[in-house]
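This report concerns only the one structure given below.
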Amino acid sequence: METLTAQFQNQQDLERAVAALREQGVIHIKAAEAGSTDSFYTDWQTLSLQAGASDPPMAMNRLQVLVESSRRRQAEDTLIQCGGQL
C-alpha cells in the first residue's frame with residue numbers, strides 16, 4: 001500500500017481528481033481544508049454525506065490517497081493531470 005498526498009489550487013480540480021481516482025479503484029481518499037495541519041484529514045465519504053447539509057461546504061485543497069503499490073504511478077498521473085501538486 002502507498003499513500004500519496006497532493007495539493008490543489010481549486011475545489012473543482014480536487015473534485016475532478018476524486019472522481020477519476022474512484023473510477024480507478026483507489027482504496028481510500030481523505031481531504032483537508034486549506035490551512036489545516038496534516039493531522040486534520042477527513043474521510044472523503046464523510047464529506048460527501050455532509051454535502052447536503054445547510055452549511056456551505058469546506059474549501060478543501062489537499063488530498064491524501066491510499067492505493068495499491070502496483071497502481072501508484074497511475075494515481076500519481078491522475079493527480080497531476082487534474083492539477084494536483086505532489
Side-chain angles (χ1 to χ4, degrees):
M1 300 292 174
E2 304 279 338
T3 301
L4 302 173
T5 304
Q7 186 163 338
F8 292 84
Q9 295 297 318
N10 61 62
Q11 184 79 25
Q12 294 81 12
D13 287 347
L14 181 139
E15 291 175 3
R16 191 166 48 109
V18 168
L21 290 166
R22 281 184 171 165
E23 287 180 16
Q24 292 174 12
V26 298
I27 296 169
H28 201 196
I29 301 173
K30 292 183 177 184
E33 275 186 84
S36 67
T37 64
D38 286 343
S39 61
F40 288 106
Y41 279 92
T42 304
D43 182 47
W44 187 260
Q45 183 76 21
T46 303
L47 293 171
S48 297
L49 293 174
Q50 294 173 351
S54 59
D55 294 334
M58 296 179 280
M60 299 292 172
N61 77 336
R62 289 184 288 153
L63 283 182
Q64 191 175 68
V65 181
L66 180 64
V67 299
E68 293 178 25
S69 297
S70 62
R71 295 183 180 237
R72 178 190 175 107
R73 183 68 182 159
Q74 181 184 24
E76 286 176 341
D77 290 345
T78 299
L79 290 167
I80 292 168
Q81 287 172 354
C82 292
Q85 297 175 354
L86 301 175

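Not measured: the values here are computed from a predicted model.
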Passing candidate, side chain to side chain contact (heavy atoms under 4.5 Å, CB included) with Arg72, options Asp77, Leu4, Thr3: Leu4
Nearest heavy-atom neighbours spanning Met1 and Leu66: CB-CD1, 3.8 Å
Considering all heavy atoms, the nearest Ile27-Val67 contact: CD1-C, 4.1 Å
Pairwise distance CD(Gln81) to CZ(Arg16) - rounded to 0.5 angstrom: 9.0 Å
Worked verdict on Gln64 versus His28 for side chain to side chain contact (heavy atoms under 4.5 Å, CB included): CA-CA 8 Å; Gln64 191 175 68; His28 201 196; over 6 Å; no
Value rounded to 0.5 Å, distance of OG1 in Thr5 from NZ in Lys30: 10.5 Å
Shortest non-hydrogen contact from Gly84 toward Ala6: CA-CB, 4.5 Å
Leu79 side, atom CG; Gln85 side, atom CD - distance, nearest 0.5 Å: 11.5 Å
Interatomic distance, Leu63 atom CG to Ile29 atom CD1 [nearest 0.5 angstrom]: 7.0 Å
Interatomic spacing from SG in Cys82 to CD in Gln12 - rounded to 0.5 Å: 12.5 Å
Taking every non-hydrogen atom, the tightest pair across Gly83 and Asp13: CA-OD2, 4.3 Å
Gln24 atom CD, over 12 foreign heavy atoms within 6.0 Å: yes
